[in-house]
Amino acid sequence: MWATRDESTERHRAAYTGLSRQVALPDPRLHDALYERHRTPAAWTPYPDAADVLGALRGRGIGVGVVSNIGWDLRHVFRAHGLDTHVGTYVLSYEHGVQKPDALLFRTACEALGRHPGDVLMVGDDRRTDGGTAALGCAVHFVDHLPAAERPDGLRPVLDRVGKGR
């Protein structure tokens, strides 16, 4: 189930709470409480340069889409962190029943943004799943998968890449 956890909300919850249940907690209800906590905006920390970079892209008239392997709706997380105004579309795996690197997700995002894949830069942190977009002809820029505090300006190079035409 772990390999396909992001294909539905039910699978996601079952995978994460099942993993949690491998550890004894003082109260069995804590497994579900921890899962619910994971879904709150307070559990997520945007990279420090995210708002600036997304705002700069928007200022240049460049559409932004979020393509994510996730088993629940994360739009409220973006909204709570003030990032939602920069995002034109969300393509979430659980809403489509497939996970990255399936080309359906990337193609759906390109269509929603009104862009040909050859005109799109995919920014991701997983070479296996995010690299799937290259099969459509999108350029790919990888950022290091690090905690936010260890990557204060990890998205800034995207602005240089976009300024040079991908």
Side-chain angles (χ1 to χ4, degrees), residues 1-22 31-47 50-51 53-54 57-58 62-148 151 154-155 157-158 161-162 166:
M1 177 177 297
W2 188 256
T4 59
R5 69 188 176 276
D6 296 325
E7 292 179 4
S8 75
T9 55
E10 297 79 18
R11 291 182 78 77
H12 193 269
R13 177 181 284 280
Y16 276 93
T17 59
L19 182 62
S20 175
R21 284 182 172 80
Q22 301 300 307
H31 299 288
D32 288 315
L34 287 170
Y35 182 80
E36 289 307 319
R37 168 69 169 87
H38 164 73
R39 295 167 31 112
T40 67
W44 294 79
T45 303
Y47 289 112
V53 170
L54 294 177
L57 292 171
R58 183 176 179 203
I62 298 170
V64 173
V66 173
V67 179
S68 182
N69 279 350
I70 194 157
W72 50 273
D73 191 347
L74 54 68
R75 290 170 181 89
H76 71 285
V77 172
F78 276 73
R79 193 169 29 260
H81 290 289
L83 301 174
D84 63 315
T85 59
H86 305 300
V87 179
T89 192
Y90 293 85
V91 180
L92 310 178
S93 60
Y94 84 96
E95 293 178 331
H96 297 274
V98 297
Q99 295 178 175
K100 298 184 294 183
D102 193 301
L104 171 70
L105 298 175
F106 302 116
R107 189 177 307 109
T108 301
C110 291
E111 290 170 3
L113 293 169
R115 306 302 302 178
H116 182 273
D119 297 329
V120 171
L121 174 65
M122 168 63 184
V123 179
D125 64 0
D126 186 315
R127 282 170 167 67
R128 185 185 62 77
T129 61
D130 296 324
T133 192
L136 290 178
C138 298
V140 184
H141 175 83
F142 292 106
V143 295
D144 293 327
H145 187 80
L146 297 170
R151 219 189 73 191
L155 295 176
V158 170
R161 246 187 112 177
V162 169
R166 294 191 332 146

- Qualifying salt bridge (charged side-chain N to carboxylate O under 4.0 Å, His left out) pairs with a residue from residues 124-144, counting only residues at least two apart or across chains: K100-D130

- Check the side chains of R21 and T17 for a donor-acceptor pair under 3.5 angstrom, ignoring hydrogens and angles. yes

- Between CZ on residue F78 and OG1 on residue T85, distance to nearest 0.5 Å: 11.5 Å

- Query: If only atom types and distance count, is the side chain of H141 paired as donor or acceptor with the main-chain N or O of V158 below 3.5 Å?
  - Reply: no

- Any donor-acceptor N/O pair, T108 side chain to L104 backbone, under 3.5 Å: yes

- Query: If you take all heavy atoms of A109 and V67, which pair is closest and at what distance?
  - Reply: CB-CG2, 3.5 Å

- Task: Look at R107 together with D102 and state whether they make a salt bridge at an N to O cut-off of under 4.0 Å.
- Result: no

- Message: I'd like to check T89 versus E111 (side-chain heavy atoms, cut-off strictly below 4.5 Å). Are they in contact?
- Response: no

- Message: So, taking the atom named CG in L74 and the one named CZ in R79, what distance separates them when rounded to the nearest 0.5 Å?
- Response: 10.5 Å

- Query: What is the minimum heavy-atom distance between C110 and V120, and which atoms define it?
  - Reply: SG-CG2, 3.8 Å

- Message: A side-chain contact here means heavy atoms from C-beta on lying under 4.5 Å apart; do L54 and L155 qualify?
- Response: no

- Any chance you could measure R13, atom CZ, to E36, atom CD, to the nearest 0.5 Å? 4.5 Å

- So H38 and Y16, would you call those rings parallel, tilted or perpendicular, with 30° and 60° as cut-offs? parallel

- Item | Student check: side-chain heavy atoms of H86 and L57 closer than 4.5 Å | no

- Item | Beyond-backbone contact of M122 with F106, side-chain heavy atoms, under 4.5 angstrom | yes

- Query: Does H145 NE2 have over 12 foreign heavy atoms under 6.0 Å away?
  - Reply: no

- Task: May I ask you to decide if R39's main-chain N or O and H76's side chain share a donor-acceptor pair within less than 3.5 Å?
- Result: yes

- Task: Step by step, work out the side chain to side chain contact (heavy atoms under 4.5 Å, CB included) result for H81 and V77.
- Result: CA-CA 6 Å; H81 290 289; V77 172; 3.8 Å; yes

- Note on the structure: Interatomic distance, CZ@R75 vs CG@L83, rounded to 0.5 Å, equals 14.5 Å

- Message: Would you say the ring centers of Y35 and H12 fall short of 6.0 Å from each other?
- Response: yes

- Atom pair CZ/OG of R5 and S93 - distance to nearest 0.5 Å: 9.0 Å

- Message: For a 4.5 angstrom cut-off between non-hydrogen side-chain atoms, does Y90 reach D73?
- Response: no

- Item | G71 versus D6, closest heavy-atom pair with distance | N-OD1, 3.7 Å

- Item | Q99 side chain to A3 backbone, donor-acceptor under 3.5 Å | yes

- Item | Minimum heavy-atom distance between W2 and A15, given as atom pair plus value | CE3-CB, 3.7 Å

- Which heavy atom in P101 sits nearest to a heavy atom in G132, and how many Å separate them? CB-CA, 3.7 Å

- Note on the structure: Output for pair (I62 CD1, D119 CG), nearest 0.5 Å, gives 11.0 Å

